[in-house]
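Working notes, beginning with the structure itself.
Only this structure's heavy atoms are used, side chains among them; waters, hydrogens and symmetry mates stay out. Remember, it's a predicted structure, so these values are computed and weren't measured experimentally. For this chain, numbers begin at 1 and follow the sequence in order.
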Amino acid sequence: MARGRLRIYLGAAPGVGKTYAMLAEGRRRAARGTDLVVGFVETHGRVHTAELLDALEIVPRRTLAYRGAEFTELDAEAVIARAPRVALIDELAHTNVPGSRNAKRWQDVEEILEAGIDVITTVNVQHLESVNDVVEQITGIAQRETLPDEVVRRADQVELVDMSAEALRRRMAHGNVYPPEKIDAALSNYFRVGNLTALRELALLWLADKVDEQLDRYRADHGIAGTWEARERVVVALTGGAESETLIRRASRIAARTKGADLFAVHVIRGDGLTGTRPDRLARQRDLVESVGGTYHQVVGDDVPKALLEFARAVNATQLVLGVSRRNRFAQALFPGVGVATTALSGSIDVHMVTHERAHRGLRRRRATEAGLPLRRRLAGFVLALLGLPLLSYVLTELRSTFSLPVDIMFFLAGIVGVALAGGMWPALIAAVIGSVLLNYYFTPPVHTLTIAQHENLVALGVFLLVAAAVSGVVDFAARRSREATRLGADAEVLFTLAGNVLRGERALDALLQRLRETFGLDSVTFLERVPGALPAPGGHGATAGWKVIAAVGGRPCSVPEEADTEIPVNDDLALALRGSPPNAGDRRILEAFATQAAAALEQQRLEAEAERARPLEAVDRMRTALLNAVSHDLRTPLASAKAAVESLGNTEIHRTHEERAELTDTAARSLDRLDRLVADLLDMSRLQAGALEMAARPLALDEVVPRALDDLGPEGHDVTVQISADLPEVEADPLLLQRVLANLIRNALRYNPPGQHVLVTAGAIRGRVELRVADRGPGVPAADHDRVFLPFQRLSDRDDHTGPGLGLALALTEAMGGELVPEDTPGGGLTMIISLPRTARTDRS
């Protein structure tokens, strides 16, 4: 069956006409012949609304009793059984009376929709979970009834029932919303013009977001890639450089010119992951974007203009903000840059080129220590260039008669390649110059001069210099990339290990800090938290801010962040303080990942501690609920029976025979006995929970206890078959407690045993213990539910769920005597409860 369609009338406040619009739509559909019913409509005494209910079929409500009063609720089962085409159900966010099938009305509506029935309903914006706190700030009134936004977002249609604040107040003044005695108070409090205007804006903005989702879905479904300027969306491209902050503020001002415009900041990172800006600078820019109301995004792409435009079109952007290129004019003439390429491909998207203080100043070169070969290898390259090439010249001079000039050039080229491999570009370029001079002076005719007689030799030397420069550049570039790849590989390995710890559940804070200390070779790592209520010191974190150490590993911990060589803030209240050599900028993102994980580990520890503290309270609450259930049913039933019998016996106006009076007396006695047993069970369970149950264990014969347990059952005991040998060993147990346990088990077995079948009680000695078995032929219990049968006051059947204390008391009493109680399937069907008790040290029963 296809799921029904959901249509919601959304309003900003009570009284705007949601229910009226829903009923009007219902009457229109009913007039067209649609099978329509009213599941639940609350008119609140409004005459015009009530008039629309005429001629509409109304499904009777369900009546529930709660705290001595009766309430009516939507009867979802009746609506589903009626199976109309459309159901009208008012107040979607309503909380049902305790005891209802579902806690919320929207859950009832979900069941009706799953049955293939269309639903038309109503909801106010203040009931949406995402804006509930905002509504409380505006109106000063907390809304207790809320529903998840996703419920409304999934609706097939959401229609806004809108009304200006002034019009709604006039409607109230005319008595069309509230009774006369409530009008003045409402107009002076909740229904002030400012409140209603703010609520109206919330409703409009929320609905606009849903419309955006529908528009995006429609464009995606129909493959529409072009920009639809239904709403201004500004995208600012961030390079990560210092000029990005200027671009963000400029884009924010552009977006602010249009009410409701969206701001997106996007940073494109290279696909190979080997280049990028400093993580701390990107983090500051992210914070700035979020502070001006925008959202920050990162996309991956080697073609920056294409990646930017793909993102802009994906978010349906109307404007794109770029910074003027930092390349100088000569470089721009050779390579136009991202801005020019993006503008040429932008199509209908407006592109703003924003100048900044770094425009046309050229790209900042990296320091040699940040990328490329280390200083040791560069020095080795210079040594090879200054000593190796002259030595090569000496060797080749001695072999002048053996080799020609081309061969000499190849030897020198090989030497320069060796210098490039050892020291990189600059030593190789110097080696190329030295090599060309040595070739010219010693090997190019006329020798021992710096002149060249033949033009082809001049060309050979030129090619020699170009090849040397090209090879040295490639080697230097490869060395730089290799070093960066090695560093990033190490970062990836650390992040992989950290992610593995998360997946394996290794969230111990001390272990995490120790791993951080070992990874970066730090002296100490301290995790600090600001003391609650302490304010940050002026100018940042300070000793007066009041910090406390949450966890520390290594040497002397830091008491405040200022004592650390490196501080990694997590948020306003948490920080990592590191002692040791400061990490470089590339390592900070790894440290930030560790800091985030440390905060998560701290939160996990506190949640686990809170859960551990709440677990006893939960158990007590569960027991209290079960006790109340038992009291509400089991105490009331025998008490009512005894009371009725006694009242009947005391009624002198009715003449009864001796047999009738005896039967009433027996009924009262049996009811009081049952009441006495139940009260005893409840008291024993309470004593067990409190650890105050007294036990007097002694050697005991089973054939002495079983008959007493059967006597406790009364007439029910006739349906029990006992097969216990008289020569069984004695057990160590409390006779009264064992009698209670056995009676409880037999009574439970009789409850589920089929009519005409007997419960079988047997016993036997096995390996130093005596097992007492109570077997029935009932429906049995699945193996997966064997543990659940021992929950206090719980039963697994669908009948008589709250009768008696269940088997939990039997288990507790058995374990208190040092025994065990385990369930087992009865061969042929049913359940067997096995009481295993220790044998006494005596083997002679005389």
Measuring only between side-chain heavy atoms, which start at C-beta, is [X] closer than 4.5 Å to [Y]?
X      : Y      : result
Leu322 : Val354 : no
Asp262 : Thr295 : no
Thr342 : Lys306 : no
Ser393 : Phe412 : yes
Arg233 : Gln319 : no
Trp547 : Pro561 : yes
Val321 : Val235 : no
Val266 : Leu308 : yes

Would one find more than 12 heavy atoms of other residues, nucleotides or ligands at under 6.0 Å from atom OH of Tyr442? no
Rounded to the nearest 0.5 Å, how far apart are [atom1] of [X] and [atom2] of [Y]?
X      : Y      : atom1 : atom2 : result
Ser244 : Leu288 : OG    : CG    : 10.0 Å
Leu396 : Asp408 : CG    : CG    : 5.0 Å
Leu574 : Phe527 : CG    : CZ    : 4.5 Å
Leu384 : Ile416 : CG    : CD1   : 12.0 Å
His267 : Gln285 : NE2   : CD    : 8.5 Å

Show, in sequence, the C-alpha distance, side-chain angles and deciding distance for Arg579 and Asp523, and conclude whether the salt bridge (charged side-chain N to carboxylate O under 4.0 Å, His left out) test is met. CA-CA 5 Å; Arg579 290 185 188 273; Asp523 297 331; over 6 Å; no
Could you go through Ile434 and Ile430, starting from their C-alpha distance and side-chain angles, then the distance that decides it, and tell me whether this counts as side chain to side chain contact (heavy atoms under 4.5 Å, CB included)? CA-CA 6 Å; Ile434 295 175; Ile430 293 176; 3.8 Å; yes
Side chain to side chain contact (heavy atoms under 4.5 Å, CB included) assessment of Ile248 paired with Thr246: CA-CA 5 Å; Ile248 293 170; Thr246 302; over 6 Å; no
Check the pair Leu528 / Ile550 against side chain to side chain contact (heavy atoms under 4.5 Å, CB included), numbers first and verdict last. CA-CA 6 Å; Leu528 297 170; Ile550 300 298; over 6 Å; no
Apply side chain to side chain contact (heavy atoms under 4.5 Å, CB included) to the pair Asp350 and Leu320, showing each step before the final yes or no. CA-CA 6 Å; Asp350 297 335; Leu320 182 60; over 6 Å; no
Is a salt bridge present between Glu245 and Arg286, judged by a nitrogen-to-oxygen distance below 4.0 Å? no
So, for Phe264 and Tyr296, is the gap between ring centers shorter than 6.0 Å? no
Arg253: partners by salt bridge (charged side-chain N to carboxylate O under 4.0 Å, His left out), with sequence neighbours left out: none
Go through the steps for Phe443 and Phe403 under the test ring pair (Phe, Tyr, Trp, His ring centres under 6.0 Å), then give the verdict. CA-CA 10 Å; Phe443 303 102; Phe403 302 119; over 10 Å; no
Going by the side chain to side chain contact (heavy atoms under 4.5 Å, CB included) test, name the single residue among Thr566, Val553, Ile568 that passes it with Val525. Val553
